[in-house]
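Shown next, in structure tokens, is the structure this report addresses.
Source: prediction; values computed, not measured.
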Amino acid sequence: IIDGQRDQTVCVNTPIKNTIFYANGATGATFNNLPNGVSGSYSQSTGLIIISGVPKVIGTFNYTINLTGGCGSVQTSGTLRVDDCASAVGEDMQFKYSVSPNPTSNNLKIIFADEYQAIYIRLYDIYGRMILTKEAHGPETEIDISRYASGIYIMEFVSSQNTMKAKTMIIKE
């Protein structure tokens with residue numbers, strides 16, 4: 001592998017991290033069991049094999065890449081796990097929360113089921129860049145996301161002791 005991850009877990013309708021392989025001397029490639037919305041390509045001139053796209057279905061996809069030509073047939077494989085992630089109600093061990101409305105265009109209301117000393121709320125864009133961080137005290141807080149572009153975001157909650165973490169997907173209309 002030149003770049004990316006052979007095995008990935010992503011949310012449905014969220015781009016995977018492109019996975020790039022290099023093959024020397026192959027004349028062709030076939031791709032089996034990639035989810036709808038994800039495809040593979042092979043360039044004989046560069047030897048690059050690229051798996052990319054936006055999965056449109058939920059499930060676990062054990063994919064294979066079969067190379068032909070050169071020194072015979074070569075096969076490699078990986079796993080793409082595509083989760084729903086659309087739920088804005090979460091529970092990770094004893095860490096319980098809700099985010100509403102989701103989807104939204106302006107403010108998100110976050111309610112924690114239990115009282116915590118402090119929760120750090122982080123918002124990431126689809127490229128994994130943290131674009132907002134906020135410390136919340138108490139069972140309820142609001143976040144204004146009106147200044148961000150429409151799209152899919154990941155919200156992460158981390159306890160002040162860094163002992164509990166949870167993530168949920170946010171859709172900005």
Side-chain angles (χ1 to χ4, degrees), residues 1-21 33-40 50-63 77-173:
I1 293 180
I2 294 175
D3 190 26
Q5 299 171 336
R6 179 183 309 268
D7 301 322
Q8 296 184 51
T9 299
V10 297
C11 296
V12 68
N13 297 317
T14 302
I16 68 168
K17 180 173 172 67
N18 290 353
T19 302
I20 303 171
F21 298 88
N33 202 34
L34 290 172
N36 184 21
V38 175
S39 61
I50 301 173
I51 297 176
S52 62
V54 179
K56 303 294 182 193
V57 292
I58 298 165
T60 300
F61 301 88
N62 298 309
Y63 68 88
S77 62
T79 301
L80 286 175
R81 180 176 169 200
V82 184
D83 291 335
D84 183 359
C85 302
S87 172
V89 175
E91 182 172 339
D92 187 3
M93 299 188 327
Q94 72 269 37
F95 195 68
K96 300 172 186 165
Y97 60 91
S98 69
V99 179
S100 63
N102 189 18
T104 188
S105 57
N106 294 314
N107 290 327
L108 287 168
K109 184 175 185 177
I110 303 161
I111 300 173
F112 299 102
D114 298 312
E115 187 76 29
Y116 300 101
Q117 284 185 332
I119 301 292
Y120 297 94
I121 301 169
R122 299 175 184 144
L123 188 65
Y124 297 89
D125 65 13
I126 62 170
Y127 303 105
R129 295 179 296 218
M130 186 172 23
I131 58 172
L132 179 140
T133 184
K134 178 178 182 171
E135 185 175 357
H137 294 276
E140 189 174 309
T141 193
E142 284 193 17
I143 292 180
D144 179 10
I145 64 169
S146 62
R147 67 177 180 251
Y148 302 114
S150 296
I152 297 173
Y153 296 85
I154 301 297
M155 186 169 282
E156 178 181 53
F157 307 100
V158 182
S159 67
S160 58
Q161 298 83 15
N162 206 27
T163 57
M164 294 183 289
K165 282 188 177 184
K167 290 184 180 180
T168 195
M169 185 176 72
I170 305 299
I171 300 172
K172 168 78 168 49
E173 296 180 314

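Within the 4.5 Å cutoff, no side-chain heavy atoms of Tyr124 are placed close to those of Ile131. Glu140 places none of its side-chain heavy atoms less than 4.5 Å from the side chain of Ile110. A heavy-atom distance below 4.5 Å is found between the side chains of Ile170 and Leu108. Arg147 places a side-chain heavy atom less than 4.5 Å from the side chain of Leu132. With a 4.5 Å cut-off on side-chain heavy atoms, Ile16 and Ile51 count as touching. Within the 4.5 Å cutoff, no side-chain heavy atoms of Phe21 are placed close to those of Ile50. Side-chain contact between Tyr120 and Phe157 is absent, with no heavy-atom pair separated by less than 4.5 Å. Between Asn36 and Phe61 there is no side-chain heavy-atom pair separated by less than 4.5 Å.
Looking at every heavy atom in both residues, Thr19 comes nearest to Gln5 through OG1-O, 2.8 Å. Nearest approach of Val82 to Pro55, heavy atoms of both residues: CG2-CB, 3.7 Å. For Gly40 against Leu34, the heavy-atom pair with the smallest separation is N-CD1, 3.7 Å. In plain terms, the two heavy atoms of Gly53 and Asn18 that are nearest each other are N-OD1, 4.4 Å.
For Lys109, the NZ atom is loosely surrounded, since the number of other residues' heavy atoms within 6.0 Å does not exceed 12.
To the nearest 0.5 Å, atom CZ of residue Arg6 and atom OG of residue Ser77 are 6.5 Å apart. With values rounded to the nearest 0.5 angstrom, Ile121 atom CD1 is found 5.0 Å from Thr141 atom OG1. Distance check: Ile154 CD1 to Met130 CE gives 14.0 Å after rounding to the nearest 0.5 Å. The CG atom of Leu80 sits 5.5 Å away from atom OH of Tyr63, with the distance rounded to the nearest 0.5 Å.
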In sequence, state the C-alpha distance, the side-chain angles, and the governing distance for Arg81 and Gln8, and then conclude on side chain to side chain contact (heavy atoms under 4.5 Å, CB included).
-> CA-CA 6 Å; Arg81 180 176 169 200; Gln8 296 184 51; over 6 Å; no
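Proximity of a side-chain donor or acceptor of Lys56 to a complementary backbone N or O of Val38 within less than 3.5 Å is not detected.
At a threshold of 4.0 Å, the pair Arg122-Glu156 counts as salt-bridged, since one of the basic side-chain nitrogens sits closer than that to a carboxylate oxygen.
Donor-acceptor pairing under 3.5 Å is recorded for the side chains of Asn62 and Thr79.
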